[in-house]
Protein chains: 2
Amino acid sequence: MLIASNHGVCYFAIMKDQSNTPSRFKRSPCPVACTLDVLGDKWTLLVVRDLFAGKKTYGEFQHSPEKIPTNILADRLKRLVAHEIVAKEPYQARPVRYQYVLTEKGRELGPVLKAMVQWGEKHVPGSKALMKPAG
Amino acid sequence: MLIASNHGVCYFAIMKDQSNTPSRFKRSPCPVACTLDVLGDKWTLLVVRDLFAGKKTYGEFQHSPEKIPTNILADRLKRLVAHEIVAKEPYQARPVRYQYVLTEKGRELGPVLKAMVQWGEKHVPGSKALMKPAG
DNA sequence: TCAGTTACTTGCTAATTGCAAGTAATCATG
DNA sequence: CATGATTACTTGCAATTAGCAAGTAACTGA
């Protein structure tokens, strides 16, 4: 697996913005750094995992086994929506209830999650993907 | 990309330790959570990226474009060594100089990095993998 | 001898995390 | 109509972590 030769790794990186969009702050143009700027923390990808697993509501995320603190969950959902990885849409009126769904951009995080699942299962003792009841 | 059906996503997770090794603390047995416990932060995977790019010494990591603070670099190298993702070995005596190299476990993070490169290049404007001069 | 390099450590402040509790809107029951 | 439950959050605060600047130790080369 040669990251450098297949896709390049920023080596001589320059901080000037190469896009014409009003870009957010970036540490460097390296795609690994850029991706980590969005989801480089302990919780964000767990929310994305839950979305892949079919969870949709705030309460469902909250009750995942890792017990994410509610303020962090609210913050991460806000950030995921801001990054257009997740869309927030009402699924009923009175009372208004929202569900969170992955956008196409979000669904394309699948390979990242998949690679982490494979690495975790192979290298972290006691790590085991449990199937959903139906699976 | 169906994470749930291909590899499972912990859904009904139980916190008891399923391994017989003296396991480190885990938030859950989910492989995504376990992987994030090891490298779920802004800096760890950047060091791994540098190792994939051929960097070996403390100074080389330090001079990467993202300018990692030195105390965090020291901490992350220590953690990567503790997790046996990286090995620290002397490459010269007098003065003793150390180099850091990926173990097999570390090299198997390639697919995670590769997935992030692909996602970053596609979805983060201004994100661009720059080739090494020789590449 | 004296600046320079490598590989860190230390001190301190700022930002983020995580726990607990509180809030607001609405619904379901008696 | 009052009471309790549910959903989806927000707020306050202590503890942890990040990040900047500076310092240290062991050499090297001039």
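Protein chains get the first letters and strands the later ones, always in sequence-line order, with residue 1 at the start of each.
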Tell me, please, which residues at least two apart from A:Asp37 pass side chain to side chain donor-acceptor pair (under 3.5 Å).
-> A:Arg27
Note: contacts of residues 85-93 of chain A with DNA chain D (heavy atom, under 4.0 Å) are A:Lys88, A:Tyr91
Excluding sequence neighbours, so at least two apart, what forms salt bridge (Lys or Arg N to Asp or Glu O under 4.0 Å) with B:Arg79?
-> B:Asp75
When rounded to the nearest 0.5 Å, the distance separating NZ of A:Lys26 from CD of B:Glu66 is 12.5 Å
Which other residues belong to the hydrophobic cluster containing B:Tyr98, where Ile, Leu, Val, Met, Phe, Trp and Tyr are joined when side-chain heavy atoms lie under 4.5 Å apart, directly or via other members?
-> B:Val96
Please identify each residue that fulfils salt bridge (Lys or Arg N to Asp or Glu O under 4.0 Å) with B:Lys67, with sequence neighbours left out.
-> none
Residues forming a side chain to side chain donor-acceptor pair (under 3.5 Å) with A:Glu104, sequence neighbours excluded | A:Arg107
Nucleotides 16-19 of chain C: which of its N/O atoms have a protein N/O under 3.5 Å away?
unit_1 : atom_1 : unit_2  : atom_2 : d
C:dT17 : OP1    : A:Arg76 : NH2    : 2.7
C:dT17 : OP2    : A:Arg76 : NH2    : 3.4
C:dG18 : OP1    : A:Lys42 : NZ     : 2.9
C:dG18 : OP2    : A:Trp43 : NE1    : 2.4
C:dG18 : N7     : A:Asn71 : ND2    : 2.9
C:dC19 : N4     : A:Asn71 : ND2    : 2.9

Range on DNA chain D touched by chain A - first to last nucleotide, heavy-atom distance under 4.0 Å = D:dT7 to D:dG12
Side chain to side chain donor-acceptor pair (under 3.5 Å) with B:Lys88: which residues, sequence neighbours excluded?
-> none
Taking only residues two or more places apart in sequence or in another chain, which ones pass side chain to side chain contact (heavy atoms under 4.5 Å, CB included) with B:Thr35?
-> A:Met116, A:Trp119, B:Leu39
Quick one: label A:Tyr100 by what it contacts on the DNA or RNA (base, sugar-phosphate, nothing), any heavy atom closer than 4.0 Å.
-> sugar-phosphate
Applying side chain to side chain contact (heavy atoms under 4.5 Å, CB included), name anything that partners A:Lys56, two or more places apart in sequence or on another chain.
-> A:Glu60, A:Gln99
Residue set satisfying side chain to side chain donor-acceptor pair (under 3.5 Å) with A:Lys78, at least two apart, ordered chain then number -> none
